[in-house]
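Sequence positions, counted from 1, serve as the residue numbers for this chain.
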Amino acid sequence: MALLMMDDEEDDRRHFNYEKIVEQQNLSKKKKKQLMKKEELLEDDFQVNVADTRFQALYTSHLFNLDPSDPNFKKTKAVEKILEEKARQREQKQQNLAKQMQENEIGKTGNITKKSVDPALSMLIKSIKNKTEQFQARKKLKIK
């Protein structure tokens, strides 16, 4: 029964007219005051949920960048929120990256661990070291 009655209550629903909102945002202060007196000025009360995971590609993918230089670009409060969230996420990502770099440097200098080396490789290294030492010794004897 409640579902049937729900259709009758359309008082809180209003239609969204994007062109009127953009047009009224671009009005001069004088015209805005005139419309406020007449109470014809529409308010942009549209709220964007910037934390919605469905729109995560807006912040991460280059394919969905908003281009303010495009002639069809309209600056509204919702678009400003999206741009602010994108800048905030970019800043947070850079801070996390810098923090990881510092942790990696601390880890490298603080804990020097020996990695296991292949025995054949270690034998080759010893052989090369011995031959270079012998070569250096012969060179010193020839110089004297």
Side-chain angles (χ1 to χ4, degrees), residues 1-140:
M1 185 70 167
L3 292 175
L4 292 174
M5 296 302 290
M6 193 167 84
D7 290 337
D8 295 336
E9 299 174 8
E10 294 186 18
D11 296 335
D12 58 338
R13 295 184 193 170
R14 290 187 292 170
H15 291 285
F16 179 78
N17 192 345
Y18 181 73
E19 290 177 2
K20 282 187 180 180
I21 291 173
V22 171
E23 180 182 311
Q24 288 184 1
Q25 280 187 345
N26 294 333
L27 291 176
S28 66
K29 290 182 181 181
K30 187 176 182 181
K31 295 235 181 197
K32 283 184 184 179
K33 285 182 182 180
Q34 289 175 354
L35 289 175
M36 287 291 279
K37 288 179 183 177
K38 294 180 184 179
E39 297 179 9
E40 294 178 5
L41 187 65
L42 291 176
E43 289 189 27
D44 184 15
D45 59 350
F46 179 71
Q47 298 294 322
V48 177
N49 185 3
V50 293
D52 195 347
T53 57
R54 295 176 292 176
F55 303 113
Q56 197 64 27
L58 279 172
Y59 311 122
T60 57
S61 177
H62 70 281
L63 299 173
F64 299 107
N65 275 344
L66 295 175
D67 186 13
S69 64
D70 189 79
N72 296 324
F73 179 80
K74 307 291 186 208
K75 192 169 188 176
T76 61
K77 292 177 184 176
V79 172
E80 286 178 9
K81 278 188 176 181
I82 291 171
L83 292 173
E84 287 172 4
E85 177 66 17
K86 187 171 184 174
R88 186 190 66 77
Q89 285 189 5
R90 185 181 309 126
E91 180 68 27
Q92 185 179 16
K93 187 176 180 180
Q94 287 177 349
Q95 288 176 352
N96 288 342
L97 185 61
K99 190 181 283 185
Q100 286 178 352
M101 293 294 288
Q102 288 177 350
E103 288 175 359
N104 285 345
E105 288 180 14
I106 290 171
K108 286 180 182 177
T109 58
N111 293 335
I112 300 175
T113 59
K114 280 195 169 183
K115 296 180 182 177
S116 61
V117 181
D118 186 27
L121 184 61
S122 64
M123 291 295 290
L124 180 64
I125 292 171
K126 285 181 183 178
S127 170
I128 292 173
K129 283 183 180 178
N130 286 337
K131 287 183 180 181
T132 54
E133 287 174 3
Q134 289 174 0
F135 179 77
Q136 294 292 334
R138 284 188 214 144
K139 193 174 181 182
K140 286 182 181 178

Non-neighbouring partners of [X] that pass side-chain hydrogen bond (donor to acceptor under 3.5 Å, both in side chains), sequence neighbours left out:
X	result
K93	none
E103	none
R90	none
R138	none

Legend entry - Straight-line distance of D118 CG to M123 CE, nearest 0.5 Å: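 Here the rounded value is 11.5 Å.
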Inset, instruction - Nearest 0.5 Å please: distance from the CD atom of Q100 over to the CG atom of N104. - result: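 With rounding to 0.5 Å, CD (Q100) is 7.0 Å from CG (N104).
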Legend entry - Over 12 foreign heavy atoms within 6.0 Å of CZ, F73: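 It does: F73 CZ has more than 12 such atoms within range.
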Legend entry - Which residues share a side chain to side chain contact (heavy atoms under 4.5 Å, CB included) with Q102, sequence neighbours left out: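 Scan of Q102 (side chain to side chain contact (heavy atoms under 4.5 Å, CB included), adjacent residues dropped) gives none.
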Inset, instruction - Please name all residues satisfying side chain to side chain contact (heavy atoms under 4.5 Å, CB included) with E91, sequence neighbours left out, ordered by chain then number. - result: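 For E91 the side chain to side chain contact (heavy atoms under 4.5 Å, CB included) partners, ignoring immediate neighbours, are Q94, Q95.
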Legend entry - Note, I125 side chain near I128 side chain (heavy atom, < 4.5 Å):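 They are not in side-chain contact.
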Legend entry - By salt bridge (Lys or Arg N to Asp or Glu O under 4.0 Å) - contacts of E85 (at least two apart):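 E85: salt bridge (Lys or Arg N to Asp or Glu O under 4.0 Å) contacts with R88.
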Legend entry - Heavy-atom pair of closest approach, residues P119 and S122: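 Smallest heavy-atom distance, with atoms named: O-OG, 2.8 Å.
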Legend entry - Of all pairs that satisfy salt bridge (Lys or Arg N to Asp or Glu O under 4.0 Å), the ones with a partner from residues 49-63, not counting sequence neighbours: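 Qualifying pairs, neighbours excluded: D52-R54.
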Inset, instruction - Determine which pairs satisfy side chain to side chain donor-acceptor pair (under 3.5 Å) with at least one residue from residues 58-74, sequence neighbours left out, and list them in order. - result: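 Pairs touching residues 58-74 that pass the test: N65-K86, D67-S69.
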